[in-house]
Amino acid sequence: MAENNGRRRPQKEEESGWKFWLQTIAMTLAIYAVFFLGFKFILSNDRVSGPSMQPTFENGDKVIAARHSKLSRGDVIVLKAPDEAGSFYIKRIIGLPGDTVVSKNNKMYINGKLYKEDFLKAGSKLKEPDTSLYAGKPYSYTYNFTLSSLAKNSPEYKERYSNSYLKKVEKTNKVPAGTYFVMGDHRTVSKDSRIIGFIDKKSVVGEVKWRYWPFTRWAIF
């Protein structure tokens, strides 16, 4: 009996070894599938490009955005660029569908009420260089406008929208249904809804939840 048990042991060890590797491969594939499906349907991994959200986000920052998030005013989102196929922008929601939006004397008014933009405090301490169009102005400086004035006077709006659409915006001064009005925190350089127009809900990739790179600026939003 002792000899027979000794002969069977190598076969059992071989079977055990194969089971271990099969389990390892299966686990690796399962983890990969979870990550793949997670980033396809639940999360989005994105890289910030450009200065439009400074100093909240810098060029090269890497962020994770949550898809299908319930969006609110003030949320930072990743969106498909309406003026450049295949590109993505990172902006902040200022106007929700149906909101009136007015910028006056470097202050924002939403639905007739002052909108406190605490997220601009850091940018208000940074000044544009002398070579800038807004030399000496803080990053947070926002020129005067209304949605009505943009609909009436903006060349970009006239290229993007029909006359009937613009007439309605001009009359109501409201963000159209199913869209958002977005702006960058670096207001003096940001190409945002003042230029590219309203952002369709279907163009929103997700809401930024986490900056994981660089490690020194790691933050949850």
Side-chain angles (χ1 to χ4, degrees), residues 33-53 56-57 61-103 108 110-111 115 117 119 145-152 154-187 189-212 220-221:
V34 168
F35 272 91
F36 175 79
L37 293 174
F39 278 100
K40 183 175 180 62
F41 298 107
I42 302 173
L43 303 173
S44 174
N45 184 20
D46 300 283
R47 180 179 179 275
V48 177
S49 178
S52 72
M53 282 297 291
T56 311
F57 295 94
D61 284 2
K62 294 183 180 180
V63 300
I64 299 294
R67 302 180 187 272
H68 314 298
S69 179
K70 183 178 180 180
L71 301 177
S72 303
R73 188 180 300 108
D75 289 344
V76 177
I77 60 173
V78 174
L79 57 100
K80 297 176 183 177
D83 61 334
E84 192 173 340
S87 295
F88 298 86
Y89 293 153
I90 178 171
K91 305 291 179 185
R92 191 183 297 276
I93 294 176
I94 300 299
L96 298 171
D99 282 350
T100 62
V101 178
V102 174
S103 173
M108 295 298 302
I110 308 298
N111 299 323
Y115 177 43
E117 301 177 285
F119 45 81
F145 72 87
T146 65
L147 300 186
S148 296
S149 67
L150 292 175
K152 182 178 181 180
S154 170
E156 291 84 2
Y157 271 48
K158 291 179 180 179
E159 289 181 5
R160 188 174 303 279
Y161 301 113
S162 66
N163 288 334
S164 59
Y165 189 95
L166 292 177
K167 286 294 183 183
K168 185 175 181 180
V169 174
E170 184 180 347
K171 181 180 179 180
T172 63
N173 192 45
K174 290 183 177 181
V175 179
T179 69
Y180 299 103
F181 188 87
V182 302
M183 298 177 74
D185 288 358
H186 192 166
R187 296 281 170 80
V189 302
S190 177
K191 183 169 69 169
D192 49 40
S193 285
R194 294 170 292 179
I195 298 172
I196 61 176
F198 306 104
I199 303 304
D200 193 286
K201 286 184 177 180
K202 295 179 181 178
S203 296
V204 177
V205 175
E207 178 191 356
V208 175
K209 294 292 189 180
W210 177 33
R211 174 172 52 222
Y212 67 90
I220 294 176
F221 297 89

*salt bridge (charged side-chain N to carboxylate O under 4.0 Å, His left out) partners for Asp75, two or more places apart*: none

*How about Phe181 and Phe145: are their ring centres within less than 6.0 Å of each other?*
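Yes, ring centres under 6.0 Å apart.
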
*Is the distance between the ring centroids of Phe119 and Phe221 under 6.0 Å?*
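Centroid distance Phe119-Phe221: not below 6.0 Å, so no.
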
Minimal non-hydrogen separation, [X] against [Y], with atom names:
{"X": "Ser193", "Y": "Ile199", "result": "OG-CG1, 4.1 Å"}
{"X": "Ser190", "Y": "Ile195", "result": "O-CD1, 4.4 Å"}
{"X": "Ala177", "Y": "Pro97", "result": "CA-CB, 4.3 Å"}

*Walk me through it: do Glu84 and Tyr89 pass the test side-chain contact (heavy atoms from CB on, under 4.5 Å)?*
CA-CA 10 Å; Glu84 192 173 340; Tyr89 293 153; 3.9 Å; yes

_Evaluation steps, side-chain contact (heavy atoms from CB on, under 4.5 Å), between Phe57 and Asp185_ = CA-CA 9 Å; Phe57 295 94; Asp185 288 358; 5.7 Å; no

_Mutual orientation of the aromatic rings belonging to Tyr161 and Tyr157 [parallel < 30°, tilted 30-60°, perpendicular > 60°]_ = perpendicular

*Hey, mind stepping through Arg73 and Asp99 against side-chain contact (heavy atoms from CB on, under 4.5 Å) and telling me if it holds?*
CA-CA 10 Å; Arg73 188 180 300 108; Asp99 282 350; 2.6 Å; yes

*Which of these, Lys158, Lys152, Glu156, sits in a side chain to side chain donor-acceptor pair (under 3.5 Å) with Ser154?*
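Of the listed options, the one satisfying the test is Glu156.
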
*Does Arg194 use its side chain to pair, donor to acceptor, with the backbone of Met183 at less than 3.5 Å?*
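Here the side-chain-to-backbone pair does not exist.
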
*Run through Val63, Ile64, Ile220 and flag the one making a side chain to side chain contact (heavy atoms under 4.5 Å, CB included) with Arg211.*
Val63

*asked:* Walk me through whether Leu79 and Val205 qualify under side-chain contact (heavy atoms from CB on, under 4.5 Å).
replied: CA-CA 5 Å; Leu79 57 100; Val205 175; 5.7 Å; no

*Could you grab the distance from atom CD1 of Ile77 to atom OG of Ser44, nearest 0.5 Å is fine?*
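Interatomic distance, Ile77 CD1 to Ser44 OG, rounded to 0.5 Å: 12.0 Å.
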
*To the nearest 0.5 Å, what is the distance between CG (Asp46) and NZ (Lys62)?*
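Output value for this atom pair is 11.5 Å.
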
*asked:* Using the side-chain hydrogen bond (donor to acceptor under 3.5 Å, both in side chains) criterion, which residues pair with Ser69? Sequence neighbours excluded.
replied: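 Glu207.
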
_NZ/NE/NH1/NH2 to OD/OE distance under 4.0 Å, Asp192 and Lys91_ =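 Not counted as a salt bridge, because no side-chain N and carboxylate O are separated by less than 4.0 Å.
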
*Do the charged groups of Glu117 and Arg187 touch, with an N to O distance under 4.0 Å?*
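A salt bridge links Glu117 with Arg187.
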
